[in-house]
Enquirer: 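Take this structure, written in structure tokens, and hold onto it; I'll ask about it next.
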Amino acid sequence: MATPTAIKKIVVGLDGSPQSQAALEWAVEMAQGMHAHVTAVYAIDLPPPFYPESYVMTQQFDDEWRKTMRAEVENTWCKALRDAGVEYRAVMEDGRAASVISRVAEAEGADVIVVGRRGRGGIAEFLLGSTTHELVLRSKVPVLVVEPATSIRKPRNARHAA
């Protein structure tokens, strides 16, 4: 029988969305319970070539924009980690989100990757891609997919209060 190993290193993907916030909350709880270190990762993903707002690409290369985003990641997105007293570090790198998260997780020797489920599906997922889907299929590190509580559906037989 294999001996279970404790989770000591957690990588969580952040992008400021409610889905990534749910993943972060899960990572905080896990880190507190297991005394684990969290690496919060934000990938600066270039928009697809057919993206109509070409100014975004220029903006992403701007040093002032990056400085502002770094502050947002550190001061706002990682606030839950700081408030909970969890040991963490924030990483901000260029590249496709799945590739960056996977690369950081492997480099850190992470025990698990935690990401939120956006649930686009269909044509939107085909055109925009799915970070979660790609991580689940290709990551060498186990992936925990978290769905925000606000989007969890009630069971079909649930009764509503009158």
Enquirer: Partners of A90 by side chain to side chain contact (heavy atoms under 4.5 Å, CB included), sequence neighbours excluded?
Expert: R70, V73, E74, C78
Enquirer: So do the side chains of V146 and R117 get within less than 4.5 Å of each other, counting heavy atoms only?
Expert: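 The answer is no, as the side chains (C-beta and beyond) never meet within the 4.5 Å cut-off.
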Enquirer: For residues 134-143, which residue pairs pass the salt bridge (Lys or Arg N to Asp or Glu O under 4.0 Å) check, not counting sequence neighbours?
Expert: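 Counting only pairs at least two positions apart or across chains, the salt bridge (Lys or Arg N to Asp or Glu O under 4.0 Å) contacts touching residues 134-143 are R96-E134.
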Enquirer: Heavy atoms only: give me the nearest D45-A97 pair and the separation to one decimal.
Expert: OD2-N, 4.0 Å
Enquirer: Could you pull out all residues at least two apart from R89 that satisfy side chain to side chain contact (heavy atoms under 4.5 Å, CB included)?
Expert: H37, T39, V91, E108
Enquirer: Under a 4.5 Å side-chain heavy-atom rule over Ile, Leu, Val, Met, Phe, Trp and Tyr, are V38 and M92 clustered together?
Expert: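 Yes, because V38 and M92 connect within a single hydrophobic cluster, where side-chain heavy atoms sit under 4.5 Å apart.
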Enquirer: With side chains defined as the heavy atoms from C-beta onward, is the minimum distance between V41 and V100 less than 4.5 Å?
Expert: yes
Enquirer: Measure across G13 and V115 and return the closest heavy-atom pair with its distance rounded to 0.1 Å.
Expert: N-CG1, 4.3 Å
Enquirer: What donor-acceptor contacts under 3.5 angstrom involve side-chain atoms of residues 24-35, with partners at least two apart or in another chain?
Expert:
residue: E25; atom: OE2; partner: Q21; partner atom: NE2; Å: 3.4
residue: Q32; atom: NE2; partner: A84; partner atom: O; Å: 3.3

Enquirer: Would you please test V104 and E93 for side-chain contact (heavy atoms from CB on, under 4.5 Å) and show each step?
Expert: CA-CA 9 Å; V104 170; E93 288 187 15; 3.9 Å; yes
Enquirer: From Y42 OH over to D94 CG, what is the distance, rounded to the nearest 0.5 angstrom?
Expert: 9.5 Å
Enquirer: For the CG atom of N75 and the CZ atom of R82, what is their distance to the nearest 0.5 Å?
Expert: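 These two atoms lie 6.0 Å from each other.
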Enquirer: Heavy-atom count check: over 12 atoms from other residues, nucleotides or ligands less than 6.0 Å from K79 NZ?
Expert: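 No - once you tally the heavy atoms of other residues, nucleotides and ligands closer than 6.0 Å, there are 12 at most.
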Enquirer: According to side chain to side chain contact (heavy atoms under 4.5 Å, CB included), who are the partners of V141, at least two apart in sequence or on a separate chain?
Expert: A105, E106, A110, I113, S139
Enquirer: For the hydrophobic clusters of this structure (ILVMFWY residues joined by side-chain heavy atoms under 4.5 Å, transitively), does one cluster hold both V12 and L144?
Expert: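 Yes: a chain of side-chain contacts under 4.5 Å links V12 to L144.
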Enquirer: Find out whether M69 and I44 are in side-chain contact, i.e. whether some heavy atom of one side chain is under 4.5 Å from a heavy atom of the other.
Expert: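 When only atoms from C-beta onward are counted, I44 and M69 do not touch, as no gap falls below 4.5 Å.
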Enquirer: Checking S17 now: which residues fulfil side chain to side chain contact (heavy atoms under 4.5 Å, CB included) with it, not counting sequence neighbours?
Expert: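 In terms of side chain to side chain contact (heavy atoms under 4.5 Å, CB included), with neighbours along the sequence ignored, S17 is linked to D15, Q19, S20, R118.
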Enquirer: Answer whether the closest heavy-atom distance between the side chains of V114 and I10 falls below 4.5 Å.
Expert: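 Yes, side chains in contact.
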Enquirer: Where is the tightest heavy-atom contact between L14 and A40, given as atom of each residue plus distance?
Expert: CD1-CB, 3.6 Å
